[in-house]
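Here the structure comes first, spelled out in structure tokens, and everything after it is commentary.
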2 protein chains.
Amino acid sequence: MPQFRNPADHPLIRKLQSSFELSDHERAAVLALPIQSVEIRANQDIAREGDRPGRSCVILRGITRTYKMTRDGKRQIMAFHMPGDMPDLQSLHLKVLDSSLGTVSACRIGFIPHDAIRDLCDSNSGLAAALWRTTLVDASIFREWVVNVGRRDGYQRIAHIMCEILVRMREVGLTDDHSCPMPISQTELADATGLSAVHANRVIQDLRADGLIVLKGGMFTALDWPALKAAAAFDPTYLHLGEGRASD
Amino acid sequence: MPQFRNPADHPLIRKLQSSFELSDHERAAVLALPIQSVEIRANQDIAREGDRPGRSCVILRGITRTYKMTRDGKRQIMAFHMPGDMPDLQSLHLKVLDSSLGTVSACRIGFIPHDAIRDLCDSNSGLAAALWRTTLVDASIFREWVVNVGRRDGYQRIAHIMCEILVRMREVGLTDDHSCPMPISQTELADATGLSAVHANRVIQDLRADGLIVLKGGMFTALDWPALKAAAAFDPTYLHLGEGRASD
DNA sequence: CGAGCTTTTGATCCGAGTCAATCTTCGTGG
DNA sequence: CCACGAAGATTGACTCGGATCAAAAGCTCG
């Protein structure tokens, strides 16, 4: 069980602390969770629609996606997940998985038995609330994605998702100024925005031509962050980051 | 404070019991919540994006919608809510409302202070889990809506949302066979499916012409339920209704 | 009974999908 | 170190679902 020198470096602790003050006792309780850590290659399913998992996972490294396939073979990605996220935490209370979960990049994934999480929640209502809250933020992001896909054109959609990814990457310390690694393919961006891969590509070229982004070699840079945000009509409120403080 | 003869008639109790077994003690605890009940006309906001509410609401009668307006004045509805639903329960843990909530039809709404809900959750982890679960089902519905709007054409989208509404209406006892009241306007259906009102209307006429639905006089009937489900590729798994049992 | 929605219809236009081919990139094995 | 194959990115040509605009017709309710 590979560990982190400083508990605060553990992605899950980091995540929970970003919104809740954790006591030493609570931190210890989280670190005491039995986590089975596994390395998974890129583009592999972690769990599938219809499964009835007895555990949830936490992302320790890498990026994953939640998606569904439609009858006629189209794919819709509903979410990307960053280190610290628990992408299938909902299975703690919803028996059947309603969507599939897979890796985007190569990942290190930690699996935690539901029983352990339930015990934790039963014995500590503060941690229960913290975990609950993370699922509420996920839901808020889904709502924004409904708006993105339902009411914005291709240019805005791609701009918006790039904004979101950058801000969330920053939250987990993976950005360098306005740049971050971008293991997500254009096809995946298309499937996340309800566009075809061809059109997504054209829109990306437009964003480049307009000097808003650089996207190449697995790296993304928001060349002109204010302009990109404006093009996307991006308002990060829905991410509910550090809600007490002001932030950009 | 108008009450229900039988506690099991209380929409909130009903809702929680549909997935969790409640003990007498838990039922009593829920009924003891201080609920301020208010009558609200159709088409009125209950809470707005940006608000920081100190209470959440439960729908006692009528239908509400969660929505956002985009910069350029377009509206996207992200959810409809039925009696028993708590459409802004997320505000218990997310300080700022990221979307607006308003009535579709005239409604009776019960307001419950966050403090009361928090106390309930702190003292009863089972009820906390039950409430948490309702927000997880909401999230699952958002995911399905992303798919609906992102990867289905207009005909399927409208068919799908009609299926969802009928099934959820049935869940709360508002259907008569395959019919239910339908206070939702075509414009609202359009805003919920990412279509224009004109196109939504045309699609609805197609569904009528194909003998799948009847929609008039504030009433909806699924004339040919199997065919409607098939046209929508509707799989109710995502609603997580009575998950132990089989259901149609 | 009239104002204001909601629903409907017609005409026109465009964003985005589809199909098909080519070009890049990159990991892998020889 | 390079050839090869597979996946990802790009380009061009063509088509179409659905948006927009405009106006008429039905409803509902104060």
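All chains are named by letter (A, B, ...) in the order of the sequence lines, taking the proteins before the strands, and each is independently numbered beginning at 1.
The CD-C1' distance, from B/Gln186 to C/dT9, rounds to 13 Å in whole Å. Following rounding to the nearest Å, A/His199 (NE2) and D/dA9 (C1') show an atom-to-atom distance of 16 Å. Straight-line distance from the CD atom of A/Gln44 to the C1' atom of D/dA7: 15 Å, rounded to whole Å. Residue B/Leu195 contributes atom CG, which lies 10 Å from atom C1' of D/dG17 at whole-angstrom precision. As a whole-Å value, the separation of A/Asp191 CG from D/dG8 C1' is 13 Å. In this structure, CZ of B/Arg152 is placed 17 Å from C1' of D/dG17, rounded to the nearest angstrom. The CG-P distance, from A/Asp206 to C/dC14, rounds to 17 Å in whole Å. Rounded to an integer number of Å, the gap from CE of B/Met182 to P of C/dT6 is 15 Å.
The residue B/Gly217 sits apart from the nucleic acid: no heavy atom pair falls under 4.0 Å. Using a 4.0 Å heavy-atom cutoff across all strands shown, B/Ser185 reaches sugar-phosphate atoms only and no base atom. Among the heavy atoms of the strands lying under 4.0 Å from B/Asn201 is at least one base atom, whether or not backbone atoms are also near. B/Gly218 comes within 4.0 angstrom of no nucleic acid atom, judged by non-hydrogen atoms across all strands.
Take the nearest nucleotide of DNA chain C for A/Val198 and for A/Tyr155: the residue whose nucleotide is more 5' is A/Tyr155. Summary of the strand contacts: A/Val203 and B/Ala197 both lie near DNA chain C, and taking for each the nucleotide with the nearest heavy atom, the more 5' one is attributed to B/Ala197. With DNA chain D read from its 5' end, the first of the two nearest nucleotides for A/Arg151 and A/Ile184 is the one closest to A/Ile184.
When only modelled atom types and interatomic distance are considered, A/Asp98 and B/Ser140 share a side-chain donor-acceptor pair under 3.5 Å.
Listed pair A/Gln205 / D/dT11 meets the phosphate criterion, a side-chain N or O lying under 4.0 Å from OP1 or OP2. Between B/Arg208 and the phosphate of C/dT8, there is a side-chain N or O to OP1/OP2 separation shorter than 4.0 Å. Not one side-chain nitrogen or oxygen of B/Arg41 sits closer than 4.0 Å to the OP1 or OP2 atom of D/dG30.
No donor-acceptor contact under 3.5 Å links the side chain of A/Arg202 to the base of C/dG15. Counting distance only, with no hydrogens placed and no angle test, the side-chain atoms of B/Arg157 and the base atoms of D/dG18 include no donor-acceptor pair under 3.5 Å.
The closest side-chain heavy-atom distance from A/Ile112 to A/Cys57 is not below 4.5 Å.
Taking the charged nitrogens against the carboxylate oxygens, B/Glu144 and B/Arg152 do have a contact shorter than 4.0 Å, which makes a salt bridge. Taking a cutoff of 4.0 Å between a charged side-chain nitrogen and a carboxylate oxygen, B/Arg65 and B/Asp191 do not qualify as a salt bridge.
In this structure, the nucleotide among D/dT20, C/dA16, D/dG17 sitting nearest to the side chain of A/Asp153 is C/dA16.
In summary, the aromatic rings of B/Tyr67 and B/His81 are positioned with their centroids too far apart to meet the 6.0 Å limit.
In this structure, A/Arg55 is positioned above the aromatic face of A/Phe111, its NZ or CZ under 6.0 Å from the six-membered ring centre and within 45° of the axis.
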